[in-house]
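Let me begin by presenting the structure, written as structure tokens, before commenting on it.
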Amino acid sequence: MDYRIRRSKAELDSTGFIELGPGRYSGAHWQPGFVFVWSDAFGMAEGILARHVDGYDHLDTNDVHRDVMLRVTAEWRSVALRLPTLSTAEAAAALHLERSFAEPVDAELDAHRAEITRMLLELSEACEGFCAQSDWVCVLGV
């Protein structure tokens with residue numbers, strides 16, 4: 001799976017990306033200054049986001065208040081820093097991963113810990129920057 005954070009629309013090869021950016025949803029997608037994460041890869045970060053955001057919807061627009069997003073970014077960073085030393089079960093629990101498909105998720109987690117760690121740290125940094133720009137962070141689903 002591809003865990004890279006894209007920072008430009010020119011880097012996208014499809015529309016299967018979660019978009020994150022400063023401010024509330026404006027009605028427009030693929031905005032300059034946003035970051036883009038492959039939808040399936042974002043699943044490794046999404047459990048933490050959903051834990052903090054009431055009514056979070058992977059398929060819809062989600063406006064997240066700065067105070068909430070800063071809690072999310074702190075947890076992403078905390079988990080990222082511990083991820084290399086956690087067992088698979090501990091890592092899945094820390095990420096609040098959906099466990100109905102545990103076997104493939106666990107295999108993906110084990111095979112890509114370094115990439116997932118990097119993605120979580122980059123998402124934290126990007127979203128903290130968005131919080132410095134606005135009271136809201138927009139998370140646009142696929």
Side-chain angles (χ1 to χ4, degrees), residues 1-84 86 88-142:
M1 192 172 315
D2 186 350
Y3 291 95
R4 290 176 296 150
I5 305 290
R6 279 110 169 143
R7 299 183 181 278
S8 165
K9 181 181 173 182
E11 296 177 70
L12 308 180
D13 56 4
S14 74
T15 59
F17 289 86
I18 301 294
E19 307 169 51
L20 299 96
R24 291 181 184 231
Y25 177 55
S26 68
H29 286 267
W30 320 117
Q31 296 298 301
F34 276 46
V35 296
F36 310 96
V37 183
W38 183 247
S39 175
D40 290 343
F42 191 70
M44 292 293 180
E46 200 164 47
I48 291 171
L49 181 64
R51 190 170 88 76
H52 290 277
V53 177
D54 291 333
Y56 173 78
D57 188 339
H58 174 84
L59 301 174
D60 204 353
T61 60
N62 302 272
D63 291 322
V64 182
H65 192 270
R66 174 190 324 160
D67 296 338
V68 175
M69 185 53 80
L70 289 174
R71 287 194 300 270
V72 170
T73 62
E75 191 168 348
W76 279 341
R77 180 171 278 109
S78 173
V79 172
L81 296 175
R82 295 178 303 142
L83 197 57
L86 296 175
T88 303
E90 290 169 334
L95 290 165
H96 302 279
L97 297 179
E98 171 62 45
R99 301 308 293 158
S100 59
F101 300 102
E103 189 173 312
V105 169
D106 290 351
E108 181 68 22
L109 178 57
D110 286 341
H112 298 283
R113 280 185 193 244
E115 294 95 333
I116 295 165
T117 296
R118 186 171 40 257
M119 177 189 71
L120 292 171
L121 291 172
E122 288 183 26
L123 280 171
S124 295
E125 182 179 322
C127 288
E128 287 166 353
F130 300 151
C131 289
Q133 297 175 44
S134 174
D135 286 340
W136 296 90
V137 174
C138 181
V139 182
L140 303 177
V142 284

Minimum side-chain heavy-atom gap L123-F42 below 4.5 Å
yes
If I compare all heavy atoms of V137 with all of C131, which pair ends up nearest, and what's the gap?
CG2-SG, 3.9 Å
The criterion is side chain to side chain contact (heavy atoms under 4.5 Å, CB included); which residues satisfy it with [X], sequence neighbours excluded?
X    : value
L86  : R82, E90, A91, A94, R113
H52  : I48, V68, R71, V72, E75
E122 : I5, R7, R118

Is the backbone N or O of [Y] less than 3.5 Å from a side-chain atom of [X], with the two atoms forming a donor-acceptor pair by type?
X   : Y    : value
N62 : D57  : yes
D63 : T61  : no
T73 : S124 : no

Check this for me: D54, atom CG, are more than 12 non-hydrogen atoms of other residues, nucleotides or ligands nearer than 6.0 Å?
no
Are more than 12 heavy atoms from other residues, nucleotides or ligands located less than 6.0 Å from atom CD of E108?
yes
Are L95 and L120 close enough, and set up right, to give a side chain to side chain contact (heavy atoms under 4.5 Å, CB included), and what steps lead you there?
CA-CA 10 Å; L95 290 165; L120 292 171; 3.8 Å; yes
How long is the span from the [atom1] atom in [X] to the [atom2] atom in [Y], to the nearest 0.5 Å?
X    : Y   : atom1 : atom2 : answer
R4   : F36 : CZ    : CZ    : 13.5 Å
Q31  : K9  : CD    : NZ    : 9.0 Å
H112 : Y3  : NE2   : OH    : 6.0 Å
E115 : D2  : CD    : CG    : 9.5 Å

Check the side chains of T88 and D110 for a donor-acceptor pair under 3.5 angstrom, ignoring hydrogens and angles.
yes
Inter- and intrachain pairs under side chain to side chain donor-acceptor pair (under 3.5 Å), touching residues 36-45, at least two apart
S39-H58
Any chance you could lay out the side chain to side chain contact (heavy atoms under 4.5 Å, CB included) test for R77 and E128, step after step, and finish with the verdict?
CA-CA 11 Å; R77 180 171 278 109; E128 287 166 353; 2.6 Å; yes
So ring-ring contact (aromatic ring centres under 6.0 Å, His included) across residues 121-142, not counting sequence neighbours, yields H65-W136
Identify each donor-acceptor pair in which a side-chain atom of residues 15-27 lies under 3.5 Å from a protein atom, sequence neighbours left out, and give them as a table.
residue: E19; atom: OE1; partner: W30; partner atom: N; Å: 2.7
residue: E19; atom: OE2; partner: H29; partner atom: ND1; Å: 2.6
residue: Y25; atom: OH; partner: G27; partner atom: O; Å: 3.4
residue: Y25; atom: OH; partner: H29; partner atom: NE2; Å: 3.4
residue: S26; atom: OG; partner: A28; partner atom: N; Å: 3.4

Could you go step by step and tell me if R6 and V37 meet the side chain to side chain contact (heavy atoms under 4.5 Å, CB included) rule?
CA-CA 6 Å; R6 279 110 169 143; V37 183; over 6 Å; no
Begin from the C-alpha positions of M69 and L49 and carry the test side chain to side chain contact (heavy atoms under 4.5 Å, CB included) through to its verdict.
CA-CA 8 Å; M69 185 53 80; L49 181 64; 4.1 Å; yes
